[in-house]
2 protein chains.
Amino acid sequence: MTKNYSSEINSPLSTNQEDYLKAIYILETRGDQVTNSVLSEYLGYTPASATNMVKKLAQMDLVIYRRHQAVALTPTGRRVALEILRHHRLLELFLHKTLNIPWDSVHEEAERLEHVISEALEDAIAASLGYPKVDPHGDPIPSKNGDVIHTPGHPLSQSEAGRAYRLVRVLSQEKDRLAYLRGLGLHLNAELFLHEQAPFDGPMLVEVAGEEHALAADMAALLQVVPASAE
Amino acid sequence: MTKNYSSEINSPLSTNQEDYLKAIYILETRGDQVTNSVLSEYLGYTPASATNMVKKLAQMDLVIYRRHQAVALTPTGRRVALEILRHHRLLELFLHKTLNIPWDSVHEEAERLEHVISEALEDAIAASLGYPKVDPHGDPIPSKNGDVIHTPGHPLSQSEAGRAYRLVRVLSQEKDRLAYLRGLGLHLNAELFLHEQAPFDGPMLVEVAGEEHALAADMAALLQVVPASAE
DNA sequence: GATACAATTTAGCCATGACTAAAAACTATT
DNA sequence: AATAGTTTTTAGTCATGGCTAAATTGTATC
């Protein structure tokens with residue numbers, strides 16, 4: 001298994017190490033301060049375990065660590081994280097398009113597969129999909145050299161009522177939430193019409209595929225949309 | 001990740017444990033006595049490591065172990081081994097057919113993927129391939145309930161000269177050997193004509209896709225064939 | 001049956017990476 | 001600046017699963 005980042009790194013990374021780097025990247029991208037508690041909670045480990053691992057990653061020059069400070073990725077660490085994320089999102093799209101696995105249930109599978117596919121397989125998957133730019137949740141697929149496109153859109157919860165929108169991204173990986181959203185007929189690029197938004201952050205009334213549904217405000221906040229006219 | 005065998009086993013198995021069980025199955029199937037040295041050499045570990053692991057697998061009722069004796073799979077151990085083997089061979093075929101990865105280089109990839117695919121993905125792959133019976137090397141794909149079909153054929157090295165044959169199985173997983181065979185134009189179900197066999201186990205003269213090649217006897221021994229007429 | 005040689009097992013070591021419990025250090029409030 | 005409360009780190013434990021080296025057991029030969 002030859003990994004893309006192998007040229008920059010002396011020893012191959014474990015699944016766990018890759019998961020830490022990916023988590024740090026995602027938390028950084030969210031704009032969070034990646035403190036030990038945030039990181040350990042995100043990964044489901046105790047803070048002590050996170051400290052240990054972060055120290056190890058720092059020795060490998062993958063993260064910058066100073067006691068009691070937020071962790072940050074080094075350029076090399078970021079490259080590793082992006083490669084794993086590229087694997088993850090390519091795999092999600094591949095599973096969805098090639099094997100008809102519903103878009104709301106590809107995440108867990110990709111979570112394991114992302115660590116074991118070779119560079120050659122990554123390339124073959126990307127080629128077979130026509131070098132896609134986003135996964136089935138609308139998350140951008142990092143390019144091989146680590147570029148991440150900016151995805152447009154704004155939350156449905158902050159959108160004007162009485163207009164049609166197109167779903168361009170879903171900001172959640174929670175299985176049951178995604179299943180619920182799919183149950184409403186939602187999927188990437190689905191059209192939806194926002195009938196009204198109840199005041200005081202109340203539920204929204206949306207129409208998807210001819211059916212009307214009430215949608216809680218926190219759910220609507222996860223849905224990134226653009227005006228339906230926009231191509 | 002829900003594994004098929006999870007109903008019979010209390011704790012999930014590690015990749016290593018699954019590899020041991022698969023190795024024992026393969027060695028048993030070859031007809032070898034699965035002694036500690038055979039097993040450890042096959043896996044590339046020291047004999048001491050194999051003893052340790054085999055003891056652990058025995059505690060889990062996956063193998064039968066008595067000091068200084070050959071190991072044997074229990075029925076449960078065999079089911080696990082067959083499931084992993086099913087994963088492996090389904091994956092090989094899938095990678096070959098769906099992603100056009102050459103048949104001689106799917107093995108390593110499948111070797112890692114086989115441990116991380118869920119039951120649902122296994123099913124989706126099998127369905128997308130039309131519930132195939134053999135992988136790209138002609139090795140039988142165990143069915144979900146653990147049946148393994150018998151593959152017909154005999155070694156090319158023991159075949160009569162002056163006749164046409166069809167390749168039904170390649171008994172090797174060595175990358176360079178397989179690459180060589182593919183270079184000759186060989187693949188599953190390829191037709192070949194055996195011109196002559198030099199005496200004293202000398203090389204064979206075979207014709208594949210209009211080209212003649214000399215083939216060492218030990219290579220020919222890896223090629224299982226049936227008469228070309230046979231469907 | 002004694003001796004030599006090979007195979008196997010035991011004993012003990014190491015790294016990984018989780019954990020708990022306790023100590024230390026930071027932050028906020030009075 | 002002292003104290004309280006939270007966060008982080010340290011110290012030390014445990015399981016996994018490799019390893020080497022040494023002891024044991026089994027087998028074959030004289």
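Order of the sequence lines sets the chain letters (A, B, ...), proteins ahead of strands, with each chain counted from 1. Predicted, not measured: the structure shown is a model, and the values here were computed from it.
- Atom CG in A:L39 sits roughly 15 Å away from atom C1' in D:dT9 (whole-Å rounding).
- Among the protein residues, A:A50 comes within range of no part of the nucleic acid, since none of its heavy atoms lies under 4.0 Å from any strand.
- Ring planes of A:Y45 and A:Y20: parallel class, angle under 30° (limits at 30 and 60°).
- Taking 4.0 angstrom as the limit, A:Y45 places none of its side-chain polar atoms (N or O) nearer than this to OP1 or OP2 of C:dT20.
- The environment of B:E41 atom CD is sparse: at most 12 non-hydrogen atoms of other residues, nucleotides or ligands sit within 6.0 angstrom.
- Residue A:N52 contributes atom CG, which lies 15 Å from atom P of D:dT8 at whole-angstrom precision.
- Taking the side chain of A:N36 as heavy atoms from C-beta on, and the options D:dT16, D:dT10, D:dT9, the nearest nucleotide is D:dT9.
- Minimum atom distance to the side chain of A:P47 is reached by D:dT9, of the listed D:dT9, C:dT20, C:dT10.
- A:N36 and A:T51 form a side-chain donor-acceptor contact under 3.5 Å, judged by distance and modelled atom types alone.
- In this structure, B:E41 atom CD and C:dA6 atom P are separated by 15 Å, rounded to whole Å.
- Taking only side-chain atoms of B:M53, from C-beta outward, the nucleotide of D:dT20, D:dT10, D:dG17 with the closest atom is D:dG17.
- Using modelled atom types and a 3.5 Å distance limit, the side chains of B:H88 and B:D135 yield no donor-acceptor pair.
- Of the candidate nucleotides C:dT10, C:dA25, C:dC19, C:dA25 has the atom nearest to the side chain of A:H68.
- Heavy atoms of A:Q17 sit under 4.0 angstrom from primed sugar atoms or phosphate atoms, though from no base atom.
- Atoms NZ (A:K55) and C1' (C:dA18) sit 15 Å apart, rounded to a whole Å.
- Distances from the side chain of B:S37 to the nucleotides D:dT10, C:dT8, D:dA21 place C:dT8 closest.
- A:R169 and A:T151 share a donor-acceptor pair across their side chains, judged by distance under 3.5 Å alone.
- The separation between B:R66 atom CZ and D:dT25 atom C1' is 16 Å, rounded to whole Å.
- Rounding to whole angstrom units, CD of residue A:Q69 and P of C:dA25 are separated by 15 Å.
- Among D:dG17, C:dA18, D:dT9, the nucleotide with an atom closest to any side-chain atom of A:Y65 is D:dT9.
- In this structure, a donor-acceptor pair under 3.5 Å is present between the side chains of A:S37 and A:T35.
- The side chain of B:T35 lies closest to C:dT8, out of D:dT8, C:dT8, C:dA21.
- Across D:dC19, D:dT8, C:dA25, the shortest atom-to-atom separation from the side chain of A:R67 is found for C:dA25.
- Nearest to the side-chain atoms of B:K56 among the listed nucleotides C:dC26, D:dG17, C:dA11 stands D:dG17.
- Straight-line distance from the CG atom of A:N16 to the P atom of C:dA18: 5 Å, rounded to whole Å.
- Of all nucleotides listed (C:dT10, C:dC19, D:dG18), C:dC19 comes nearest to the side chain of A:S49.
- Straight-line distance from the CD atom of B:Q59 to the P atom of D:dG17: 12 Å, rounded to whole Å.
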